[in-house]
Amino acid sequence: MNYENPDLLTPLAADYVLGTLRGPARRRFERVLTRVPAALAATLRWEDDLAGLNGALEPVQPSARVWRGIESRLALTARAPARSAPRRAWQFALAAGLVTVALIAGLLVRERQLAVQPVAALGADAAHPVWQVERRKEYVSLRIRVVGAVERRAGRSYELWALPKGGAPVSLGLLPEEGAVDRPLSEVQRTALLVSDKIAVSIEPAQGSPTGSPTGPVILVASVSARG
Amino acid sequence: MSTTDDAATGRLSVPSAPTATEPGSAELEALLARCASRDAAALEALYALVAPILLGVLLKMLRRRDLAEDALQDVFVKVWQQAGQFDRIRGRPLAWLISIARYRAIDLQRSQRPMLALTALHLELEPSLQVAGTAADAMGLGLGGALARCLDEIAAPQRRCLALAYEQGLSHGEIARAVGEPLGTVKSWVRRSLLSLRRCIES
């Protein structure tokens with residue numbers, strides 16, 4: 001067809017933008033877009049016109065794993081080499097299954113590992129953990145210890161989340177601001193933790209998230225150590 | 001958003017070209033420009049601003065949170081890779097971002113159809129096609145009154161077809177099944193509604 005003819009192009013571009021142009025025809029039009037400026041212009045006009053239809057546009061807060069995924073996918077190709085080298089080394093260390101908490105703290109002795117195993121160290125960087133999260137064998141409970149300086153915020157709490165692969169975050173309860181807690185895990189929490197590569201901390205109201213999902217900013221994300 | 005009274009028709013009309021002064025648009029454009037020069041902090045700031053909006057769009061189309069979040073990830077990877085092209089085309093930044101998200105959802109629907117079919121066609125959420133509200137307006141999306149008025153001019157059944165296509169990403173065939181009309185009718189309804197929407201916006 002003659003893609004310069006606006007009478008043909010306008011409805012075709014509309015079909016494309018609306019999404020009702022499907023299959024091979026859609027692929028074909030995408031190729032046309034790369035070489036026919038009039039087709040691109042017609043498409044952009046429809047995009048602008050129809051974007052206003054996104055009506056109520058109820059924003060939904062993505063779970064923390066989405067941004068982490070973007071970061072790790074782009075790190076491979078997009079980061080400056082100066083930054084990517086140490087990062088890759090760090091990722092390699094995780095991929096190799098090194099137990100991060102044991103490395104960072106250098107505290108755990110073999111006997112204790114039988115009973116209590118590290119889950120993650122939470123802190124701004126590996127050298128300065130604020131909380132250490134360990135688990136009793138079989139995930140009966142979590143032991144969470146404050147090992148760094150917790151910045152206290154009036155009326156706010158820090159909530160711990162499991163980030164199960166392909167699912168919504170599951171609360172693991174509020175983090176202590178001092179000392180240590182031993183927290184039994186429910187079946188839901190245990191299952192979530194078993195399929196989580198990461199756990200995260202968000203800032204929530206004093207009583208914790210009112211919705212069951214993180215509502216405040218996610219301030220920390222940490223990888224879950226290899227399961228023993 | 002500036003509107004002018006059209007004395008001849010007594011209707012409100014809006015400039016068809018996006019205005020550069022829309023609040024929020026400039027901020028998004030600046031962030032996209034920084035993304036184009038490989039500033040990762042700009043991508044993170046952009047994400048904080050628009051990811052929840054895009055996830056809202058994606059959820060309506062894909063219905064499943066895991067799929068929608070995977071798609072959201074793809075969208076931002078693409079935005080990072082194509083941010084340099086935004087300057088060239090000069091649409092509204094949020095419209096461009098929403099389009100990338102919608103196209104990703106449409107492509108994913110193709111491969112996920114068998115899985116989605118069980119849930120996607122329940123249509124328990126009546127599509128509404130509401131004109132962008134304050135949050136989107138702030139980012140330079142809204143056509144405001146003109147679009148609302150133009151939508152009102154489209155008859156309800158036709159508008160519903162448009163909504164099923166735009167908001168939920170249904171194909172002509174799926175819309176036909178959902179509204180119980182022949183495929184040919186649905187195709188011509190959709191096409192005619194779009195063209196009358198365009199004529200109305202331009203008037």
Side-chain angles (χ1 to χ4, degrees), chain A residues 7 10-23 26-27 30 33 37 40-80 83 164-168 213 217-218, chain B residues 16 18 38 40 43-44 47 51-53 55-57 59 65-66 68-70 72-73 76-77 80-81 89 91-92 94-96 98-99 102-103 105-106 110 128-133 135-136 141-144 147 151 162-163 165-167 169-172 175 187 190-191 194-195 197-198 201:
Chain A
D7 288 341
T10 302
L12 190 59
D15 237 10
Y16 174 75
V17 173
L18 191 64
T20 42
L21 190 69
R22 302 268 164 144
R26 187 169 188 85
R27 300 283 90 81
E30 279 169 349
L33 284 177
L40 183 60
T43 300
L44 293 175
R45 270 192 74 192
W46 279 117
E47 287 181 359
D48 266 3
D49 281 357
L50 296 184
L53 295 179
N54 280 285
L57 268 185
E58 296 138 25
V60 181
Q61 203 59 43
S63 32
R65 75 166 182 100
V66 180
W67 175 250
R68 299 289 298 176
I70 293 165
E71 265 192 334
S72 75
R73 276 170 70 181
L74 292 174
L76 300 172
T77 54
R79 296 279 173 154
R83 286 191 66 174
K165 275 176 271 188
S213 298
V218 172
Chain B
S16 60
R38 293 291 161 260
L43 188 70
E44 196 164 359
Y47 182 87
I53 291 176
L55 185 56
V57 170
L59 267 173
R65 179 146 188 144
D66 55 337
E69 292 201 331
D70 287 349
L72 185 62
Q73 221 171 65
F76 275 87
V77 167
W80 178 254
Q81 289 161 348
I89 60 184
R92 292 178 199 167
L94 190 55
W96 184 66
I98 287 176
S99 296
R102 292 189 63 254
Y103 299 157
I106 289 161
R110 250 164 29 111
S128 53
L129 273 197
Q130 294 170 35
V131 174
L141 247 201
L143 289 172
L147 190 58
L151 269 179
L162 212 53
Y166 189 80
E167 285 186 352
L170 299 197
S171 69
H172 283 131
I175 298 169
K187 279 188 177 176
V190 167
R191 178 159 295 200
L194 280 172
L195 293 177
L197 198 63
R198 162 65 56 79
I201 290 171

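The sequence lines fix the lettering, A, B, ..., with proteins before strands; numbering per chain opens at 1.
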Under a 4.5 Å heavy-atom cut-off, does chain A meet the side chain of B:L43, its backbone, both or neither?
both

Sort B:L59 into side chain, backbone, both or neither according to what part of it lies under 4.5 angstrom from a heavy atom of chain A.
side chain

Are any of the side-chain nitrogens in A:R65 or B:D70 under 4.0 Å away from the carboxylate oxygens of its partner?
yes

Heavy-atom pair count under 4.5 Å with chain B, highest-scoring of A:D15, A:L21, A:T10:
A:D15

Using a 4.5 angstrom heavy-atom cutoff, name the option from A:A168, A:A41, A:P62 with the most pairs to chain B.
A:P62

Minimum heavy-atom distance between A:L33 and A:Y16, given as atom pair plus value:
CD1-CE2, 3.8 Å

So which part of A:T43 gets closer than 4.5 Å to some heavy atom of chain B, the side chain, the backbone, both or neither?
side chain

Hey, which of B:R65, B:Q73, B:E44, B:K187 has the most heavy atom pairs under 4.5 Å with chain A?
B:Q73

Who pairs with B:R198 by salt bridge (Lys or Arg N to Asp or Glu O under 4.0 Å), at least two apart in sequence or on another chain?
A:D49

Determine, step by step, whether A:S63 and B:E69 satisfy the side-chain hydrogen bond (donor to acceptor under 3.5 Å, both in side chains) criterion, reporting the C-alpha distance in whole Å, the side-chain angles of both residues, the deciding distance to 0.1 Å, and the verdict.
CA-CA 8 Å; A:S63 32; B:E69 292 201 331; 2.5 Å; yes

I would like to know whether A:E71 and B:Y47 meet side-chain hydrogen bond (donor to acceptor under 3.5 Å, both in side chains); could you show each step before the answer?
CA-CA 11 Å; A:E71 265 192 334; B:Y47 182 87; over 6 Å; no

